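In this text, all values refer to a predicted model and were calculated from it rather than measured experimentally. As the structure lists them, so they are numbered: ligands from 1, and atoms in each ligand from 1.
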Amino acid sequence: MSPKLLTDVYYTLNDGKKVPAFGLGTYNEDESQHHKITQAVITAIEEGVRHIDTAWYYETEPYIGKALKDVFDRGIVKREDLFITTKVWPSMHDKVEKSLDRSLEQLGVDYVDLFLQHWPLCFESGPDGYPATPVDDAGEIILAEKADYLDTYRQMEEIYHKTSKIKSLGVANFPVRKLKQLLKTCKVKPVNNQIECHPEFPQTELGDFCAENDIIVTAYSPLGGGGNGAPLIKNKRAAALTEKYKDYNINEILYSYHIQSGRIVIPKSLNPKRIQSVKKLVPLTKEDIEFLESGPHKRYTDNPWYGHVGFGY
Ligand SMILES: NC(=O)C1=CN([C@@H]2O[C@H](COP(=O)(O)OP(=O)(O)OC[C@H]3O[C@@H](n4cnc5c(N)ncnc54)[C@H](O)[C@@H]3O)[C@@H](O)[C@H]2O)C=CC1
Ligand SMILES: O=C1O[C@H](CO)[C@@H](O)[C@@H]1O
């Protein structure tokens with residue numbers, strides 16, 4: 001019997017829509033590499049990946065749009081076969097539809113499957129949302145002091161109700177306290193919270209809160225982040241499991257860890273050979289998952305606005 005694939009697994013969101021558990025991330029801080037995203041997305045879709053994660057902030061949407069045009073023109077997939085996520089950045093907190101419209105235009109699609117509020121924050125910025133990360137002379141992020149992050153979600157709800165541009169709504173980087181505030185005020189419950197998550201930062205408390213509220217977690221930076229040198233690739237426990245599961249590679253172990261725990265996972269790769277080599281869902285046991293999580297825990301990602309998020313609540 002052939003092994004189950006990472007791309008075989010789908011979940012049902014709290015609004016009844018289906019989401020593929022395995023997606024391709026497309027954030028790359030090195031702009032000179034952005035052109036490689038087109039081939040990465042084409043290869044991923046040819047290999048069966050049906051979920052693509054992007055954001056207004058990433059500036060990668062035009063390259064994804066080129067890939068989508070290619071796979072649609074060649075009849076590899078239809079729009080409805082794909083699950084496309086994009087996000088609204090805090091510098092666009094008061095221009096949500098403008099943000100979404102740019103994403104749709106650059107992606108070359110009429111709707112996104114999932115629209116996320118990227119952070120529970122609002123940045124003070126110019127009319128087009130630039131600078132995207134406004135900082136003062138001391139390097140401190142400039143917040144839009146009078147703005148309320150809950151208003152961003154309200155605008156998302158309005159677009160969701162009045163147009164056909166969004167299938168599902170969600171958030172990213174929301175700690176428990178911010179989620180509780182949102183759940184008190186929202187009319188459309190978020191289906192998803194996208195957060196840093198991997199065996200060295202399992203975020204169990206936040207994950208449990210999301211599960212209690214029927215919000216699926218998406219694990220971002222599942223290798224600890226490309227900009228950080230993908231530290232999870234050197235994780236000793238994951239390496240030990242490649243000895244136990246000899247037919248599987250370490251990427252498959254680290255991505256299956258999420259899918260076997262009920263999370264979506266969206267690793268990034270620009271390397272077509274690697275995309276082709278990461279296929280199989282590892283039949284990890286509960287004990288394997290506990291073993292993976294048993295080491296010291298730390299958050300790998302960092303940004304100038306992290307002090308304002310309220311992580312830890
Ligand atoms: N909502 C949010 O705030 C955030 C969302 N994301 C999303 O999550 C996606 C994935 O996270 P990332 O931070 O991009 O990184 P990641 O943790 O997926 O690591 C990707 C990097 O790992 C390297 N890699 C993969 N396999 C390797 C191997 N076997 N040996 C050595 N290196 C290997 C690749 O070169 C790549 O640059 C992003 O692209 C983005 O779509 C990421 C960060 C924040
Ligand atoms: O999605 C995102 O990616 C970058 C890098 O981690 C981060 O700033 C943003 O939330």
In plain terms, say whether [X] and [Y] are close enough for a salt bridge, that is, a side-chain N and a carboxylate O under 4.0 Å apart.
X      : Y      : answer
Glu97  : Lys162 : no
Asp113 : Lys18  : no
Asp101 : Lys165 : yes
Arg154 : Glu158 : no
Asp53  : Lys268 : no
Lys236 : Glu243 : no

If we set the cut-off at 4.0 Å for heavy atoms, which region of Thr301 has an atom near ligand 2: side chain, backbone, both, or neither?
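No part of Thr301 comes within reach of ligand 2.
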Does Glu29 approach ligand 2 within less than 4.0 angstrom via side chain, backbone, both or neither, non-hydrogen atoms only?
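Neither part.
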Among all protein heavy atoms in this structure, tell me which lies nearest to atom 23 (C) of ligand 1, with the distance rounded to 0.1 Å.
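Here the nearest protein heavy atom works out to Ala230 CB, 3.8 Å.
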Nearest protein heavy atom with distance in Å, relative to atom 39 (O) of ligand 1
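Sorting protein heavy atoms by distance from atom 39 (O) of ligand 1 puts Tyr27 N, 2.9 Å first.
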N/O separation below 3.5 Å, [X] to ligand 1:
X      : answer
Tyr255 : no
Leu223 : yes
Asp53  : yes
Pro267 : no

Ligand-side contact atoms (ligand 2) for residue partner [X], heavy atom cut-off under 4.0 Å:
X      : value
Trp119 : 10 (O)
Trp305 : 8 (O)
Asn303 : 7 (C), 8 (O)

Please indicate whether Gln33 has more than 12 foreign heavy atoms, meaning atoms of other residues, nucleotides or ligands, lying under 6.0 Å from its CD.
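For Gln33, atom CD is crowded (more than 12 foreign heavy atoms under 6.0 Å).
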Does a side chain donor of either Ser103 or Glu61 reach within less than 3.5 Å of an acceptor in the other side chain?
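Indeed, the side chains of Ser103 and Glu61 share at least one donor-acceptor pair under 3.5 Å.
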With a 3.5 Å distance limit and no angle check, can you tell me whether Gln155 reaches the backbone of His93 through a side-chain donor-acceptor pair?
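The answer is yes, because a donor-acceptor pair under 3.5 Å joins these two groups.
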Under 4.0 Å from ligand 1, counting heavy atoms only, is it the side chain of Asn173, its backbone, both or neither?
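Answer for Asn173: side chain.
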Ile266 heavy atoms, cut-off 4.0 Å: which ligand 1 atoms fall inside?
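Those qualifying, in numeric order: 7 (C), 8 (O), 9 (C), 10 (C).
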For a side-chain contact (heavy atoms from CB on, under 4.5 Å) check, start with the C-alpha distance between Asp288 and Tyr245, then their side-chain angles and the critical distance, and finish with the verdict.
CA-CA 11 Å; Asp288 295 329; Tyr245 297 102; 2.4 Å; yes
Can you check whether His118 and Tyr58 have ring centres sitting under 6.0 Å from each other?
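Yes: the rings meet the under 6.0 Å criterion.
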N/O of Tyr27 under 3.5 Å from N/O of ligand 2, yes or no?
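Looking only at distances, the answer is no, because the N/O contact criterion of under 3.5 Å is not met.
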Can you find an N/O atom of Asn173 closer than 3.5 Å to an N/O atom of ligand 2?
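Between Asn173 and ligand 2 (N or O atoms, distance only) the closest approach is not under 3.5 Å.
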Candidate with minimal heavy-atom separation from atom 1 (O) of ligand 2, of Tyr220, Tyr58, Tyr57, Tyr300:
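When every heavy atom of Tyr220, Tyr58, Tyr57, Tyr300 is considered, Tyr58 comes closest to atom 1 (O) of ligand 2.
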Say whether Ser269 and ligand 1 are in contact under the criterion: heavy-atom distance to a ligand atom below 4.0 Å.
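Judged by the 4.0 Å heavy-atom criterion, Ser269 does not count as contacting ligand 1.
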